[in-house]
Amino acid sequence: MKIDKPSIPKGTRDFGPEKMLKRQFILNTIRAVFEKYGFQPLETPAMENLSVLTGKYGAEGDQLLYKILNSGDFLSKVKEDDLQGGYKNLAPKIAEKGLRYDLTVPFARYVVMNQHDITFPFKRYQIQPVWRADRPQKGRYREFYQCDADVVGTDSLICESEIILMINEVMHNLGIHDFSIKLNNRKILTAITDLVGAHGKEAQFCVAIDKLDKIGRQKVEEELSNNGFSDDSIKKLAPVFEIQGTNAEKLSQLEKLFENSEEGKVGYAELRQVFDFLNNFGEGQYNVELDLTLARGLSYYTGIILEVRANNSSIKSSITGGGRYDNLTGVFGLSGVSGVGFSFGVDRIYDVMEDLDIFPKEYESSTKVLLLHFDENSLNASIKALAQLRAADIKSEVYPDAVKIKKQMNYANKKGVPFVLMIGEDEIKEGKYQLKNMKSGEQQKLSMEEIILHLSA
RNA sequence: GUGGUUGUAGUUCAGUUGGUUAGAACGCCUGGUUGUGGUCCAGGAGGUCGCCGGUUCGAGCCCGGUCUCCCACCCCA
């Protein structure tokens, strides 16, 4: 029998212990902040019925859905005609389930199914993997985690303000201090397209303007021109590109710009309200910047949108994003439920933190102390000590095999265990054990009480 | 989905116009040191040269296909 070299699917990854400890630090930090702001956990299945997923992400999104082949004789119901109709026609006949593409649509599905049990406003967070049949690239995978928090059943802009507070808290707890939150409003983007006489071309406008910082104004104007924007429209966009100053200054320019636009006025008022709430929450700097060129791809956003980037990192892509969607549950037959949510990109946050080298050291190992043993008596004493250490909630382990001290030491060294405890003949007699700091190399004889005190710090 | 690129030891990479038994560094294992790791010294293990086929007396090297990796675009976290 031929043994194949093992491999994992394209665009997927294993997370070894070292990476997991770091990822857990990120996830625990995010989870703690979510809960601090009153969000409750939710998990949904990895697979959804395909009918729940299709049509929610646009034509391109449907292509990126992973479909699950029906079990058993999946061809039994397929007729000759179905085969002639091509794969798009055939797929729904042989695959009724698919892997979730994001966490927002399954959440919407959950809200609709449980609408009579849920007390609104409903605040939930969800940390689970999602799957996309995209072509992998740097920072882009076919399986990756999302950390979403959403509020549904209220249109209060307190939610938007609190999202900004939460982002600030998470970033600071992670040690990412130099970052910027960009804020905009889809209503303003719609108002602008109307204002320049390109009514209904909002989608093309968003896609193009979103690239401004990447490809520059000229290329954006070219793209708009290629997508049916008249020269006159593009000329009228000038004030949008040129709006500048502090957030307050930008706001007052916006107010003027939208004198005759109902939608623009609403968009402006919403932004103003968010900034007012933020001021009430405290005088702190929230790293928020009003940016009219922020658009975000997902089409379901209808209100305020936001995006976060780390400033001094080589990772330029956004690490967090979100916004308000007025009618997400509408496609499942429940209308009038407004929601606002955002999502942390764990993989990108990981890359940024690795890039900046800011992972805290205590996450390099989970074990605090390794107990070394020399012979049977030593092992028995170590086991007793181990029980005491664990009773004191100190992460500790004993090397399972009777091997040389050198090897046991090496194990501690490689694993990044900061302390080793040596219990030999002399130590047992004396009732004091050798505690060695692996980093400094120092060691001292201490009683069990002293050791526990020392390691608890 | 479109275009380009890469593939040799666990890892990073050498490998001459095609020529005997494919190398280095790091890592790993053993010993020097039977109670002291991270330094040093000595020794050792480890390869279907991505895979399939073709050209050739002979292929890691040339040709075709395929898979994979990475990059750009599209889109996105």
Side-chain angles (χ1 to χ4, degrees), chain A residues 2-13 16 26 57-65 87-88 100-104 127-148 203 206-208 210-211 214-215 219 223 295-299 301 307-309 315-322 341-352 370-375 377-378 382 399 402-428 433-443 445:
Chain A
K2 195 190 172 184
I3 297 170
D4 287 322
K5 277 189 182 170
S7 62
I8 56 172
K10 193 178 185 161
T12 66
R13 299 152 296 164
I26 297 173
Y57 309 104
E60 302 224 2
D62 284 357
Q63 300 248 305
L64 299 179
L65 286 174
Y87 76 101
K88 277 185 187 165
R100 74 167 99 78
Y101 178 90
D102 69 1
L103 300 178
T104 311
I127 300 176
Q128 288 189 277
V130 303
W131 294 268
R132 295 183 189 179
D134 208 353
R135 186 176 290 204
Q137 225 179 90
K138 185 170 198 166
R140 278 174 89 165
Y141 305 97
R142 286 182 165 174
E143 178 187 65
F144 61 95
Y145 272 73
Q146 288 194 331
C147 307
D148 277 28
C206 286
V207 169
D210 203 33
K211 297 177 193 161
K214 209 173 170 185
I215 62 175
K219 286 265 170 70
E223 182 167 332
R296 300 207 34 88
L298 288 169
S299 49
Y301 291 122
E307 208 165 85
V308 183
R309 273 162 219 270
I315 285 91
K316 298 289 173 218
S317 45
S318 74
I319 52 178
T320 292
F342 71 118
S343 178
F344 288 102
V346 201
D347 295 297
R348 287 179 182 177
I349 290 174
Y350 182 98
D351 290 344
V352 167
L370 177 75
L371 281 68
L372 311 189
H373 51 96
F374 306 94
D375 51 38
N377 279 341
S378 165
S382 295
Y399 196 90
V403 297
K404 288 184 185 173
I405 288 301
K406 179 176 171 137
K407 187 149 190 189
Q408 301 184 47
M409 279 264 186
N410 199 36
Y411 174 81
N413 201 41
K414 289 283 154 61
K415 199 168 171 177
V417 179
F419 293 94
V420 295
L421 187 61
M422 285 174 278
I423 305 176
E425 217 173 309
D426 298 348
E427 285 82 0
I428 295 171
Y433 309 146
Q434 293 275 11
L435 184 69
K436 174 163 182 164
N437 181 320
M438 291 298 280
K439 216 161 227 159
S440 65
E442 290 162 16
Q443 61 185 64
K445 277 192 178 175

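All values below were derived from every heavy atom in this structure, side-chain atoms included, with hydrogens, water molecules and symmetry-related copies excluded. Here is how names work: the chains are called A, B, and so on, in the same order as the sequence lines, proteins then strands, and each is numbered from 1.
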Base of U36(B), side chain of Q443(A) - is there a donor-acceptor contact under 3.5 Å? yes
- [ ] Test M438(A) against K415(A) for side chain to side chain contact (heavy atoms under 4.5 Å, CB included), laying out the working first.
- [x] CA-CA 11 Å; M438(A) 291 298 280; K415(A) 199 168 171 177; over 6 Å; no
Practice prompt. Assess whether side chain to side chain contact (heavy atoms under 4.5 Å, CB included) is satisfied between L370(A) and F419(A), documenting all intermediate values.
Written response: CA-CA 6 Å; L370(A) 177 75; F419(A) 293 94; over 6 Å; no
Tell whether K406(A) reaches the base of U36(B) with its side chain through a donor-acceptor pair below 3.5 angstrom.
no
Between U8(B) and C73(B), how far is it from one C1' atom to the other, in whole Å? 32 Å
Whole-Å distance, I405(A) CD1 to G35(B) C1', equals 6 Å
Practice item. Remember a base hit wins even if backbone is also touched, and classify E427(A) as base, sugar-phosphate or nothing at under 4.0 Å, heavy atoms. Key: base
With C1' as the reference atom in both, quote the distance from G18(B) to C62(B) in angstrom, rounded to an integer. 8 Å
Please work out if S318(A) contacts a base, only the sugar-phosphate, or nothing of the nucleic acid, heavy-atom cut-off 4.0 Å.
sugar-phosphate
Here the distance between atom C1' of U33(B) and atom CE of M409(A), to the nearest Å, is 13 Å
Shortest non-hydrogen pair, E427(A) vs M422(A), comes out as CG-O, 3.7 Å
Side-chain atoms of E425(A) come closest, of A77(B), G35(B), U30(B), to G35(B)
(message) Work out how far the C1' atom of A9(B) is from that of A22(B), and round it to whole angstrom.
(response) 11 Å
Would you say OH of Y145(A) has more than 12 non-hydrogen atoms from neighbouring residues, nucleotides or ligands within 6.0 angstrom? no
Closest non-hydrogen contact found for F344(A) with F342(A) is CE1-CE1, 3.4 Å
Fill in: C1' atoms of U33(B) and G15(B), separation to the nearest Å
39 Å
Original post:
How would you label the contact of Y411(A) with the nucleic acid (heavy atoms, under 4.0 Å): base, sugar-phosphate, or nothing?
Top reply: nothing
Between I423(A) and S382(A), the two heavy atoms sitting closest are CD1-CA, 3.9 Å
For C147(A) and V346(A) the tightest heavy-atom approach is SG-CG2, 3.4 Å
Nearest-nucleotide check on RNA chain B, S440(A) vs I319(A); residue mapping nearer the 5' end is S440(A)
For nucleotides G37(B) and G47(B), find the distance between their P atoms and express it as a whole number of Å.
31 Å
Heavy atoms under 4.0 Å, any strand shown: does N410(A) hit a base, just sugar-phosphate, or nothing?
-> sugar-phosphate
Heavy-atom nearest pair, A133(A) first then R142(A), reads C-NE, 4.3 Å
Can you check the distance between C40(B) and G4(B), where both ends of the measurement are the C1' atom (answer in whole Å)?
48 Å
Atom P, compared across A59(B) and G19(B): separation rounded to whole Å:
11 Å
Touch class at under 4.0 angstrom, heavy-atom based, for K404(A) against every strand present:
sugar-phosphate
So, under a plain 3.5 Å distance rule, would you say the side chain of N413(A) forms a donor-acceptor pair with the base of G37(B)? yes
To the nearest angstrom, the NZ-P distance between K407(A) and G32(B) comes to 14 Å
Here the distance between atom C1' of U36(B) and atom NZ of K445(A), to the nearest Å, is 14 Å
Should the pair Y399(A) and Y411(A) be assigned to parallel (<30°), tilted (30 to 60°) or perpendicular (>60°) ring geometry?
perpendicular
Stem ranges of RNA chain B by first residue number, counting only runs of at least 3 Watson-Crick or G-U pairs under 3.5 Å, come to B:1-4 with B:70-73, B:10-13 with B:23-26, B:28-32 with B:40-44, B:50-54 with B:62-66
Between CZ of F144(A) and P of A77(B) the distance, given in whole Å, is 7 Å
Whole-Å distance, D210(A) CG to A77(B) P, equals 10 Å
Heavy-atom contacts, protein to nucleotides 68-75 of chain B, under 4.0 Å, summarised as B (base), S (sugar-phosphate only) or - (none) per nt, yield SS-SBBBB
Rounded to whole Å, CD of Q408(A) lies from P of G37(B) at a distance of 12 Å
In whole angstroms, the gap separating C1' of U36(B) from NZ of K414(A) amounts to 15 Å
Nearest heavy-atom approach of A295(A) to C206(A) is CB-O, 3.2 Å
In L103(A), D102(A), V130(A), the residue satisfying side-chain contact (heavy atoms from CB on, under 4.5 Å) with D148(A) is L103(A)
Query raised in the report: Taking the C1' atom of each, how far is A72(B) from C26(B), in whole Å?
Result: 33 Å
Students often get this wrong, so: under 4.0 angstrom with heavy atoms, is G441(A) touching a base, only sugar-phosphate, or nothing? base
